[in-house]
Amino acid sequence: MTTADEIATIREMFRDDVLDGLRQSEKRIPCKYLYDERGSKLFDRICELEEYYPTRTELQIMERWVGEMASAIGPRSMLIEYGSGSGLKTRELLDALEDPAVYVPIDISHTHLAASAADLRRRYPEIEVLPLCADYTEDYELPDPRRDPRRRVVYFPGSTIGNFDHDEARDFLEHIIDVCGEDGGLLIGVDLKKDPAIIERAYNDRAGITAEFNLNMLRRINRELDGNLRLDRFRHLAIYDARRGRIEMHLVSLCDQRASIDGERVDFADGETIHTENSHKYTLEEFRELAASAGLAVRRTWVDEADLFSVQYLEVD
């Protein structure tokens, strides 16, 4: 249960990050704030879209090779999942693992996390499920399980590693080493470079769900920070930057406008954008080099037949 003090701290952090980001010459808001309860549900809908290949492809990879992944993780592990989401891929992995000691899902959205953890407890009564509401990019304290695990393994599905710039990604991988220890492991989803048209379609779906997901950031600011942003005065933009190897999501102001957020004035020029998310894509060699720079070695890689997506298992080198 999140306490009143914790809620106040989360709100203050949200406020500071939003106002600091919107005061920059190139406005930006950290992508983690896309995932309130409504944002998490919208992302679940995105994952079901025809255009959004990562979830569908990663599930196909899991279904084919999850036994090999479970063997790499080994028995009686503490499985720590970052950004646990709806849990579809988690169930594939838990079904295959040998005698897991404990499952620790970590998510920033308390409501979404609680619902997912409750569902997994019903499905797997023999596995201890200890949800942790936290920002997994920051320091946190793992809960104490009933049984001592043989090792810790972080499970980071999806393509969320792509949200980090190169230096941030390296620091994040180093942080995972601190969490897992020298004998731990990391099972991670990594989106691959491909035809930019495929990538851009995935972030500009015909149903407009990704646009609604992006605009929900403004809705959250209005609700939680007493904002008065007009959603009809912004539009979603997602474009692929081939030089940086990443898709960028922005919210574009459709006119000169002024807004208030927690009593602070914020001005937007016509055509000015709020940068809300990056999603970097990698070649297998590029990600191997990134992992090595953090002290990790890629032990196994599983890729779909069309080379759209990969799941990789890493250990400390």
Side-chain angles (χ1 to χ4, degrees), residues 2 5-47 82-86 105-116 131-140 156 158-165 168-169 171-172 175 203 209-231 233-238 246-253 259-264 266 268 272-280:
T2 306
D5 286 345
E6 288 171 335
I7 291 172
T9 299
I10 291 169
R11 183 190 186 278
E12 182 179 1
M13 185 182 301
F14 182 33
R15 175 191 185 277
D16 291 347
D17 284 347
V18 167
L19 289 176
D20 287 349
L22 294 182
R23 288 173 180 142
Q24 302 301 313
S25 57
E26 296 182 1
K27 292 181 169 62
R28 61 180 59 243
I29 300 175
C31 64
K32 63 186 178 182
Y33 294 119
L34 291 163
Y35 296 92
D36 62 350
E37 181 181 2
R38 185 170 185 270
S40 295
K41 289 179 178 178
L42 284 167
F43 185 71
D44 286 346
R45 291 175 62 191
I46 289 170
C47 292
Y82 284 178
S84 51
S86 63
I106 303 177
D107 203 291
I108 199 170
S109 173
H110 180 269
T111 304
H112 202 65
L113 175 67
S116 177
L132 178 61
C133 186
D135 179 351
Y136 54 70
T137 65
E138 305 291 340
D139 291 334
Y140 59 85
F156 198 30
S159 55
T160 311
I161 188 65
N163 293 155
F164 300 100
D165 292 338
E168 295 171 337
D171 292 345
F172 180 68
H175 172 69
Y203 294 82
I209 307 300
T210 309
E212 183 62 22
F213 171 67
N214 200 9
L215 286 161
N216 186 63
M217 177 87 82
L218 305 183
R219 193 186 304 273
R220 179 180 185 183
I221 291 170
N222 287 345
R223 184 182 67 254
E224 297 184 21
L225 300 179
D226 300 318
N228 65 353
L229 293 154
R230 289 274 301 273
L231 273 68
R233 293 182 177 178
F234 291 86
R235 70 175 177 88
H236 163 75
L237 173 68
R246 71 188 190 191
I247 196 86
E248 294 184 1
M249 282 206 327
H250 296 259
L251 291 167
V252 184
S253 177
S260 173
I261 298 173
D262 205 31
E264 300 285 336
V266 181
F268 300 90
E272 188 176 19
T273 76
I274 308 170
H275 194 161
T276 55
E277 186 177 70
N278 292 321
S279 186
H280 291 80

(message) Tell me every residue that passes side-chain contact (heavy atoms from CB on, under 4.5 Å) with Ser260, counting only those two or more places apart in sequence or in another chain.
(response) Asn228
(message) Tell me every residue that passes side-chain contact (heavy atoms from CB on, under 4.5 Å) with Asp17, counting only those two or more places apart in sequence or in another chain.
(response) Met13, Pro30, Lys32, Tyr33
(message) Tell me every residue that passes side chain to side chain donor-acceptor pair (under 3.5 Å) with Tyr136, counting only those two or more places apart in sequence or in another chain.
(response) none
(request) Go through Leu132 and Tyr140 one step at a time and tell me if the side chain to side chain contact (heavy atoms under 4.5 Å, CB included) criterion holds. (result) CA-CA 9 Å; Leu132 178 61; Tyr140 59 85; 3.6 Å; yes
(message) Applying ring pair (Phe, Tyr, Trp, His ring centres under 6.0 Å), can you list everything that pairs with Tyr35, at least two apart in sequence or on another chain?
(response) Phe43, Phe213
(message) Run the ring pair (Phe, Tyr, Trp, His ring centres under 6.0 Å) test against His275 and tell me which residues pass, sequence neighbours left out.
(response) His250
(request) Please assess Asp36 against Arg223 for the test side chain to side chain contact (heavy atoms under 4.5 Å, CB included), listing each intermediate value before the final yes or no. (result) CA-CA 11 Å; Asp36 62 350; Arg223 184 182 67 254; 2.9 Å; yes
Nearest 0.5 Å, please: how far is [atom2] in [Y] from [atom1] in [X]?
X: Phe172; Y: Phe156; atom1: CZ; atom2: CZ; answer: 4.0 Å
X: Ser116; Y: Asp44; atom1: OG; atom2: CG; answer: 9.0 Å
X: Arg230; Y: Leu218; atom1: CZ; atom2: CG; answer: 12.5 Å
X: His175; Y: Glu138; atom1: NE2; atom2: CD; answer: 8.0 Å
X: Lys27; Y: Leu22; atom1: NZ; atom2: CG; answer: 6.5 Å
X: Ile274; Y: Leu229; atom1: CD1; atom2: CG; answer: 7.0 Å

(message) Tell me every residue that passes salt bridge (Lys or Arg N to Asp or Glu O under 4.0 Å) with Glu248, counting only those two or more places apart in sequence or in another chain.
(response) Arg246
(request) Report yes if the side chains of Arg11 and Leu225 come closer than 4.5 Å at any heavy-atom pair, otherwise no. (result) yes
(request) May I ask you to test the Asn163-Glu277 pair for a side-chain heavy-atom distance under 4.5 Å? (result) yes
(request) Report the residue from Lys41, Arg219, Arg235 that forms a salt bridge (charged side-chain N to carboxylate O under 4.0 Å, His left out) with Glu212. (result) Arg219
Shortest non-hydrogen contact from [X] to [Y]?
X: Glu272; Y: Ser25; answer: OE2-O, 4.3 Å
X: Leu42; Y: Ile209; answer: O-CG2, 3.8 Å
X: Leu34; Y: Asn216; answer: O-ND2, 4.2 Å

(request) Return yes when atom CD of Glu168 has more than 12 non-hydrogen atoms of other residues, nucleotides or ligands closer than 6.0 Å, and no otherwise. (result) yes
(message) Tell me whether Arg45 at atom CZ has more than 12 heavy atoms from other residues, nucleotides or ligands lying less than 6.0 Å away.
(response) no
(request) Report the relative orientation of the aromatic rings in Phe234 and Phe268; use parallel for angles under 30°, tilted for 30 to 60°, perpendicular for over 60°. (result) perpendicular
(message) Can you tell me which residue among Thr276, Asn214, Thr210 is in a side-chain hydrogen bond (donor to acceptor under 3.5 Å, both in side chains) with His236?
(response) Asn214
(request) Would you mind telling me which of Val266, Ile261, Asp262 makes a side chain to side chain contact (heavy atoms under 4.5 Å, CB included) with Ile221? (result) Ile261
(message) Exactly one of Val18, Asp20, Leu19 should register a side chain to side chain contact (heavy atoms under 4.5 Å, CB included) with Ile29. Which one does?
(response) Val18
(request) Please confirm whether Arg220 makes a cation-pi placement over Phe14, using NZ or CZ under 6.0 Å from the six-membered ring centre and within 45° of the ring normal. (result) yes
